[in-house]
Each structure stands twice: as structure tokens, then as C-alpha cells.
Amino acid sequence: MQVRVNDIRMGYDDFGSGNAVVFLHAFPLNRRMWEPQVSRLKERFRVVVPDLRGFGETESPPGPYSMEMMARDVLGLLDHLGIASAALVGLSMGGYVALAFCRLRPERVSSLVLADTKATPDTPESKAARDDMVRQVQNCGVDFLVETMLPRLLTQKTIQSAPQVVQRVADMIKSTPPAGAVGALLGMRDRPDSTDVLRSLRCPLLCICGAEDAVTPPSVAEEMASTAPNGRVRIIPEAGHLANIEQPDEFNKALMEFLSS
Ligand code: MLT
């Protein structure tokens, strides 16, 4: 489905009924990364899954896309769907957007799941790496991101033994429009520190992290959970940065337990 939100047309799915759960995807992927969660959770919840600005079936106007801008798109979608409050589940970049949403409209968030993400901003080194990546995307398109990103997103074991998973992730990366990748990279580069949002979080927080996530390791998830007034953490064995894709059953179990409690 598509809807006009702010200055873009936004692609999304809306399945099931009951309390709403909104899934926010990682960079440089799209809403299809949540398929293993959608199929399970739609039995119990209303599951809303947007493509963030620049990705999937959502338009990609010139960037930068600040995390707040992406959060405002999600807010526009919830308004359109008549959803007063929802559980937000954000993985990596989706987590940055979820935190931006909490800063904007805390009263619209019933609970928060931050997976394989962090609240702190980019370091000077990671800002420089973003700028390099922007230049490469502008010069060569997004295909090179498959080679650079896959070893960061998936464990070595998955890369060697699960070709269908690798293919799914690679296909999502390759389908990202260059303008979308650039817009999001610039927005992530300049995102603010959200530690204050965590500190004043009014809703329950679950931090999920792949035990082998080298991008945002378990220590980061533990730190975030202990910063929030009501936070807990779940480490998923044998998973890297895309814990929801590598270990969907464990990930879904953690989500179901938290969202049902
Ligand atoms: C992601 O998975 O969304 C990215 O690793 C986030 C980032 O580059 O900071």
C-alpha cells in the first residue's frame, strides 16, 4: 500500500488487528527485512511496516534525511491509519528513527524495542566514513554496498552456510535508490545524541542484540537498557547485526514475550 505523507509517497504494509506494533528497518534495507517477524506477529497484533524515506516503495527525494524527518513520516503514517499509540521496533537505523520518534511524540509510544542499535551519535571517524560512502554511492551506485556491508550485517557462519539469507539481504541492498542511500547516510551522520531520550523514556524498553554483532555489540545494548528507567536486554546467540533475520525464532520469542507482558 502507499499513502502521501509530508512531501513523499510512502510504501507500507498493515496486517492483523489489536495493539499496533510498528517495525522500522535498517540501512540500506527496506520493510521486507521484517518478513520473519510480520508472519508471526500479525496473528496477535496489528503490524505496521513502512519503508522509510529513500527505501523500498517509498519515494527518495534529495536528502539529507534527518532521523527526525523520518520519524515525522512515521508519525504521518500513524495519523493516516488512526493509530493513537504503538509499540515501536527499530533495528539499527530504524532504532535511530524510533528514538527520534520518542523525542518527538513520547505519548504515542506504548513500548520500545531497540535492536542492534545505539543512542550515541557518530564519532568523527564514523562521520568521515559516511562521507566516503556518500562519495562512492554518488560515483558508483549502491552495488558496492553489498560487498562492504554484508560482512558487517551477517555472521561469517551465515555468509558461508545460508546463501538464501545472503541473497535476500543483497537483493534489498541493490534495490535501494542511490539518492535514498545518500539521504540516509547524511542524516545518520548528523543525528543527535539520544541518550537523553533513553534517560527520560516513559515506556518499557527491550534492547535486543545479536551476540556477534560487531557494529553495535551487546555491551551497547546493555548500556542502553541500564540507562532507561525500565529497560531490559536480550542477547541472541549465533546472530550478528541483523539478528531478526539470522535467528528469527529467538528474535520473535523475545518480541512476543516483551510485547505480551
Ligand atoms: C544499519 O544497519 O542500519 C546501519 O548499520 C546503521 C549505521 O550505519 O549506523
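Each ligand, and each atom within it, is numbered from 1 in the order the structure gives. Because the structure is predicted, anything quoted here is derived from the model rather than measured.
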Nitrogen or oxygen atoms of [X] and ligand 1 under 3.5 Å apart:
X	result
Y96	yes
V215	no
L91	no

Output yes when [X] and [Y] qualify as a salt bridge under the 4.0 Å nitrogen-oxygen rule, no when they do not.
X	Y	value
R234	E257	yes
R191	E68	no
R53	D7	yes
D143	K174	no

- Query: Given S92, G95, A184, G94, which has its nearest heavy atom closest to atom 1 (C) of ligand 1?
  - Reply: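 Nearest heavy atom to atom 1 (C) of ligand 1 lies in S92.
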- Message: Please check this pair: side chain of E212 against backbone of T155, looking for a donor-acceptor N/O pair closer than 3.5 Å.
- Response: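 Pair absent, no side-chain N/O of E212 close to backbone of T155.
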- Item | Minimum-distance protein heavy atom relative to atom 8 (O) of ligand 1 |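 Atom 8 (O) of ligand 1 sits closest to the protein heavy atom R130 NH1, 2.7 Å.
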- Task: Quick one: look up the protein heavy atom nearest atom 3 (O) of ligand 1 and list residue, atom name and how far away it is.
- Result: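 Atom 3 (O) of ligand 1 sits closest to the protein heavy atom F27 N, 2.7 Å.
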